[in-house]
Each structure stands twice: as C-alpha cells, then as structure tokens.
Amino acid sequence: MNDETTAVPTDAEARLLVHRAGRTPVYAYSRSALGDAVARVRAASPRGAGLYYSLKANPYPGVVNALAPLVDGFDVCSLAEMETALNAGTPPDRVLFTGPAKSRTQAAAALAAGVAVTVESPRQADLFAETARELGVDGHGVIRLNVPYPGRTPDADPSPNQFGVAEEDLAEVVRVLRASPVSIRGLQLFWGSQYSDPEVVLAARKAVTERARAVVERFGLTLDLVSIGGGIAMRWRDRDPAVDWSRLAETEDAHRTPETEDAHRAPEAAGGRLPLVCEYGRSLAGPAGSLLTTVLDTKTIGDRRYVLVDAGMNDLLLASRLLSGGDRGELRVRVVGGEGRPLVRHVHVTGPLCSQLDVLAEDIELPEVEPGDLLLFPGVGAYGPSFSPGGFLSRDKVREIVF
Ligand SMILES: Cc1ncc(COP(=O)(O)O)c(C=O)c1O
C-alpha cells in the first residue's frame, strides 16, 4: 500500500494522534513529511527556481506555519488565505494573490497588504489600476498568461481554460498597468495539475519558459518573478502511478539551460535570466497527511460488507463518487491494529451522511473490523477539508493537527 513518499503513521502513533486530537475524524499532518516533500519537489524542479506553496491545497495554519521556513513564498486565493500566509511571518513581497476574477474588496485588501496580485484580463487590470489610485499605494502586478493545459500523456490534446490574459489582450493589459501605480513585477504561466509523466512536466516547463522569454523581449519587461507552475501529481488512490522522482530530477538535470541556472536565488547575477518560481500544492501537502476515522458500525447486505465510519465526503470529497463520476480509484486504507486479522472481501467503507455518494472505498479487501476500530487513509493531505462540502448536514468540522 505504501510508497516511499507517503507518510504513514504507525499503529501506536495513530492511536496517540487520536487521543491528542480528542476525537475522530482527524487529519494528521506530519511535519517531517512536509519537509521531505519540499526537498523532493525542489530537487525535481529547475535548479535555483523559487518554490511557492499554494494554500488552496491545504490552508490549515499549522501546515502553512510548518512550510513557511522551507519555501520561498505562498500563492493565496482569498483574504483568509492571505492572512494565514502573512501570519506565518511571510514578507508581503513573497505572497502572490491569484485567481481569475478578483473583487474590488479583494483588490483593495491585496494592495493594502502590499502583496503581489495576478492580473488576468484588461478589465481586471483597470480594477487594480483604479483601486491603487484610490488607496494611494503602489501595487505589484503579475500578469497571468492564458496557457492551455497539456494532456496527461505527451501525445494527448491540450485543454482550454478560462485563466489568464488572452494573447490578443496582452498589449492592452501592459498599457493599462504601465499607465498606473501598479508595476509589472512578474508573469505567471500556470499549466495544470496532477501530472505523473515527467516528459509532460518537462515539456510544459520548457514551453512556458520560452513563452515567458518571448513576452519579456516583446515588451522589454524587467521582472523579479516568472512563475512556471508546478503540476506534479500526488498519489492518493491505489491505482495512481507513482511519480518517478529520480527520473524527473535526472531529466531535469539534462534539460538544464543557462536560463534555469540559479535563476531565482541570484537574479541580479544571472545576466538577464528569468527569475523562475514553481508553484506547488498537492505534491507538498498530499503525502504528509492521513485521515483517521472510527468504525461506528458494520453490516452485511446481500454480498456486500459495509463498514460505516465517522468520516465522510464532507471531510474528503476527493474520495466520493460525486467527483469521479463512478470512475473512482480506491483510496488506500489501513486498519489500525489490523495486522494478522482475517481478510474480508467485498468491503464498502461508507461515511455517516445520508447520501449514496458517501463512499470512501468500494469493494475492497480489508482485515475484519468492529465498532471502535480506527481506519487510516494515508496520502490525503491535500484538497481535504477545504475542498469538501463541510456544510452538508451541518456536522462538526473535521479536526486537523500537525505532528
Ligand atoms: C494558479 C495555481 N497555482 C497552484 C496550484 C496548485 O496546484 P497543485 O495542487 O496541482 O500543485 C493551482 C491548482 O489549481 C493553481 O490553479
């Protein structure tokens, strides 16, 4: 079940974590696994590129505080995420406020805080220009360019998306910002998520780096940040391919160009090289988190053995049928203390919600369990509580701890 990158607490640790949390369900994030993930992902990124963590993957303050000394900055999407990043002691110029359609309130808050903002259309450029004038502040703009997301394999078709500035609007956005108190500080070329194939990752990085270079030359820009996305997958289902980290690092080595050499750490010494930054969410937080849940009941209906637990899709939407439309891989799961117990087939692990969609694992083999047993789902540290319909049935919010 395990791969070397996913943190899996031992049975003894799992029991103590539940005592520490006071109840289940609880997400437990390993501080050392977060550190390991940062080191692994950095080694698989262009050498010298800055590493930003995207709070959208997991905005839990304990996780953000643990990552703050290890990463070079944060990508945030709301006022609350911005406060979490700033409260971790991050200098505002290391925070990037992203999102395709920012409100006037968000624009004012980001400008007042002095964080950089992505600008994703001519109208949004006008909004930031006007708001900066009203507030009497200088702003830091990062123009997000629209980039189609590549297919999962090198020969698959890219898919279109709504993010960023269209090529034909770019000159207008540059014109509006240049005539405003908002300086053009950077470019963002995010190109998608959950890619396991290193060839796709490397080709995407190369393509967006070349495009950024062309834009810099066309407009004569001097930048201190060129974000070229992240895209590396997390492995949270049993059928997900493992990312070949060593191959990615090796291949990255072979693809190294003067442009990527020490680009972030020493931009002034880099002779006009692009100050690259990579933005990652899931590959940093995913492997570090486990969900612990208590078995509340078991029953057999027809040939199915149901194991009913206190965590549901309100805590972990990724697991539900709703998201994967029936084509769901199974979450990896372990029974705490289950070693040596007889295996039961056709087990369906279901949550406490009144919905047929509330299924955490379907038709799997699992050691025999009884009410009170703990189940542990490893590798689910990203897109958990913040990506789940926590309001459904007005249940208590899932607990989260860092250990
Ligand atoms: C702009 C941006 N940055 C970063 C991320 C984080 O991506 P991931 O979790 O795939 O690493 C996303 C994901 O949607 C994104 O849209």
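Every number for a ligand or one of its atoms is a count from 1 in the order of the listing.
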Check the side chains of D75 and T98 for a donor-acceptor pair under 3.5 angstrom, ignoring hydrogens and angles.
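There is such a pair between these side chains.
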
Any sub-3.5 Å donor-acceptor pair from Y53's side-chain atoms to Y280's backbone N or O?
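Pair absent, no side-chain N/O of Y53 close to backbone of Y280.
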
Between Q188, Q124, K102, which is the residue that forms a side chain to side chain donor-acceptor pair (under 3.5 Å) with T118?
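Looking at Q188, Q124, K102, the match for T118 under the side chain to side chain donor-acceptor pair (under 3.5 Å) is K102.
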
Report all protein residues having a heavy-atom distance below 4.0 Å to some atom of ligand 1; order the list by chain, then number.
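Residues within 4.0 Å of ligand 1: S54, K56, D75, R144, Q188, F190, S193, E279, Y280, G281, R282, Y383.
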
Would you please name every residue forming a salt bridge (charged side-chain N to carboxylate O under 4.0 Å, His left out) with E83, sequence neighbours left out?
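Expected list: none.
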
Suppose we screen for salt bridge (charged side-chain N to carboxylate O under 4.0 Å, His left out). Which residues come up paired with R23, at least two apart in sequence or across chains?
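R23: no salt bridge (charged side-chain N to carboxylate O under 4.0 Å, His left out) contacts found.
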
Considering only distance and modelled atom types, tabulate donor-acceptor pairs under 3.5 Å from the side chains of residues 291-298, sequence neighbours left out.
from: T293; atom 1: OG1; to: D310; atom 2: N; distance (Å): 3.2
from: T293; atom 1: OG1; to: D310; atom 2: OD1; distance (Å): 2.5
from: T293; atom 1: OG1; to: A311; atom 2: N; distance (Å): 2.9
from: T294; atom 1: OG1; to: T24; atom 2: OG1; distance (Å): 2.5
from: T298; atom 1: OG1; to: R305; atom 2: NH2; distance (Å): 3.1

